[in-house]
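Here, residue 1 is the first one in the sequence, and each next residue gets the next number.
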Amino acid sequence: MQTVILTHGALGSKADLDKLAEALQKVNYNVFAFSFSGHGEKEFENNFGIEQFSGELENFISQNNLVNPSVIGYSMGGYVALNLARRSPEKINKIITLGTKFNWSKEVVEKEVKLLDAEVMLTKVPAFAKALELKHGEKWKTLLLRTAELMKDISVNNYLNSESLKTIKNKILVGLGDKDQMVTLEETVGVYKTLPNANMYMLPNTKHPIEQLNTALFVELVKEFLES
């Protein structure tokens with residue numbers, strides 16, 4: 001039985017992955033998931049960012065004595081998985097990314113950061129703000145601020161630049177939904193072509209939020225890649 005770790009996106013938690021985890025368990029995968037620090041019920045650590053979360057993924061693998069697990073990373077979770085493969089390729093078998101954003105230019109970050117204003121959220125999308133509060137508790141506003149800083153950090157440090165991507169030898173499957181309004185086909189194709197051992201997919205009629213994922217279709221794609 002193959003072992004798979006699911007990693008969540010920014011402003012998310014492991015609860016977002018419950019439906020996918022259940023579907024993968026039904027087709028005989030040994031499935032694990034956890035929340036990064038500062039997300040869900042987890043408290044903030046001193047550091048908050050890609051390197052911190054990559055370390056948490058590595059620690060999760062070690063603490064649970066997982067041998068050669070594959071990782072399915074949604075959005076930021078895919079970026080974290082690839083960054084761990086860059087740092088410690090022996091820790092991970094294969095990686096599948098879903099809706100992972102790779103282009104964090106200054107212009108992109110400025111646009112995304114504007115969307116992370118708690119007061120604007122409360123006024124314009126109160127239901128989303130309430131959902132964040134229910135998911136993360138009283139720290140939801142702090143999480144927005146720290147996520148904005150995380151985006152700026154990625155822009156500055158560019159962990160997955162073309163040179164670092166070329167060093168990742170793990171088998172990777174990168175992809176997105178055809179109606180994803182956050183991640184572009186161009187940036188996804190660029191990473192696919194740069195990785196030395198990658199394949200790519202696009203899910204039909206699929207937007208960015210994982211809640212709208214066609215789970216059955218995605219599981220078939222996962223099976224084909226992990227078992228090939």
Checklist entry - Can you check side-chain contact (heavy atoms from CB on, under 4.5 Å) on Leu132 and Leu11, steps first, answer last? => result CA-CA 7 Å; Leu132 288 177; Leu11 306 182; 4.1 Å; yes
Checklist entry - Could you go step by step and tell me if Ser105 and Val108 meet the side-chain contact (heavy atoms from CB on, under 4.5 Å) rule? => result CA-CA 5 Å; Ser105 66; Val108 167; 3.3 Å; yes
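Side-chain atoms of Glu56 and Ser37 include a donor-acceptor pair closer than 3.5 Å. In this structure, a donor-acceptor pair under 3.5 Å is present between the side chains of Asp153 and Tyr159. Between Asn30 and Gln2, the side chains place no donor N or O within less than 3.5 Å of an acceptor N or O (distance only, hydrogens not considered).
Annotation: side chain of Thr206 is not in contact with side chain of Gln212 (no heavy-atom distance under 4.5 Å). Looking at Asn161 and Ser164, their side chains come closer than 4.5 Å, going by heavy atoms from C-beta outward. Between Leu57 and Lys91 there is no side-chain heavy-atom pair separated by less than 4.5 Å. With contacts defined as side-chain heavy-atom distances shorter than 4.5 Å, the pair Ile172/Leu82 qualifies. Looking only at side-chain heavy atoms (C-beta outward), Glu186 and Asn103 stay at 4.5 Å or farther from each other. A 4.5 Å side-chain heavy-atom check between Val183 and Thr188 finds at least one atom pair inside the cut-off.
Listed by first then second residue, pairs satisfying ring-ring contact (aromatic ring centres under 6.0 Å, His included) with a partner in residues 197-228 read Tyr74-His208, not counting sequence neighbours. Listed by first and then second residue, the salt bridge (charged side-chain N to carboxylate O under 4.0 Å, His left out) pairs that reach into residues 191-217 come to none, sequence neighbours excluded.
In the displayed structure, Glu224 atom CD is contacted under 6.0 Å by at most 12 heavy atoms of other residues, nucleotides or ligands. The 12-atom threshold is exceeded at CD of Glu90, counting heavy atoms of other residues, nucleotides or ligands nearer than 6.0 Å. Within 6.0 Å of the NZ atom in Lys179, the count of heavy atoms belonging to other residues, nucleotides or ligands exceeds 12. The 12-atom threshold is exceeded at NZ of Lys94, counting heavy atoms of other residues, nucleotides or ligands nearer than 6.0 Å. Within a 6.0 Å sphere centred on CD of Gln25, heavy atoms belonging to other residues, nucleotides or ligands number more than 12.
Other cluster members for Leu115: none, since no ILVMFWY side-chain heavy atom sits under 4.5 Å from it.
Distance alone, capped at 3.5 Å, places no donor-acceptor pair between the Asn64 side chain and the Leu66 backbone. Not one N or O on the side chain of Asn83 forms a donor-acceptor pair closer than 3.5 Å with the backbone of Tyr79. Distance alone, capped at 3.5 Å, places no donor-acceptor pair between the Thr3 side chain and the Pro69 backbone. Of the possible polar contacts, none joining the Asn158 side chain to the Ser155 backbone as a donor-acceptor pair under 3.5 Å is found. Of the possible donor and acceptor atoms, one in the side chain of Asn170 sits under 3.5 Å from a partner among the backbone N and O of Ile92. When atom types are taken as modelled, the side chain of Thr194 and the backbone of Leu165 share no donor-acceptor pair closer than 3.5 angstrom. No donor-acceptor pair closer than 3.5 Å links the side chain of Asn199 to the backbone N or O of Leu173. In this structure, Thr7 contributes its side chain and Gly77 its backbone to a donor-acceptor pair below 3.5 Å. The backbone N or O of Lys166 sits nowhere less than 3.5 Å from a side-chain atom of Arg86 that would complete a donor-acceptor pair. Although no hydrogens or angles enter the test, the distance criterion places a donor-acceptor pair under 3.5 Å between the side chain of Lys42 and the main chain of Ser35.
Both Phe102 and Met202 are members of a single hydrophobic cluster when ILVMFWY side chains are connected at heavy-atom separations under 4.5 Å. The cluster map of Ile, Leu, Val, Met, Phe, Trp and Tyr, joined by side-chain heavy atoms under 4.5 Å apart, puts Val174 and Leu98 in different clusters. Cluster annotation: Val120 and Leu116 are assigned to distinct hydrophobic clusters (Ile/Leu/Val/Met/Phe/Trp/Tyr, side-chain heavy-atom contacts under 4.5 Å, transitive). Cluster annotation: Leu143 is connected to Phe53 through the hydrophobic network of ILVMFWY side chains, with a link wherever side-chain heavy atoms come within less than 4.5 Å. The hydrophobic cluster containing Phe32 does not contain Val4, counting ILVMFWY residues as joined when their side-chain heavy atoms lie under 4.5 angstrom apart, directly or transitively.
Distance check: Ser75 OG to His8 NE2 gives 11.0 Å after rounding to the nearest 0.5 Å. Atom CZ in Phe48 sits 4.0 Å away from atom NE2 in His39 (nearest 0.5 Å). The structure places CD of Glu133 at 13.5 Å from NZ of Lys135, a figure rounded to the nearest 0.5 Å. The CG atom of Leu84 lies 10.0 Å from the CD atom of Glu51; values are rounded to the nearest 0.5 Å. Remark: Leu221 CG to Ile96 CD1 distance equals 6.5 Å, nearest 0.5 Å. A distance of 8.0 Å separates OG1 in Thr184 from CG in Leu176, rounded to the nearest 0.5 Å.
Across every non-hydrogen atom of Gly49 and Leu150, the tightest pair is CA-CD1, 3.6 Å. The minimum heavy-atom distance linking Lys139 with Gly38 is given by the pair CE-O, 3.2 Å. Nearest heavy atom pair, residue Leu6 against residue Leu24, reads CD2-CD1, 3.9 Å. Taking all atoms of both residues into account, the shortest heavy-atom contact from Ala10 to Met76 is N-CB, 3.6 Å. Between Met182 and Lys101, the shortest heavy-atom contact is O-NZ, 2.9 Å. In this structure, Leu203 and Leu213 approach most closely via the heavy-atom pair CD1-CD1, 3.6 Å.
Using a 4.0 Å cut-off between charged nitrogen and carboxylate oxygen, Lys152 and Glu149 count as a salt-bridge pair. Look at Lys111 and Glu107 and you find no salt bridge, because none of the NZ, NE, NH1 or NH2 atoms lies under 4.0 Å from a carboxylate O.
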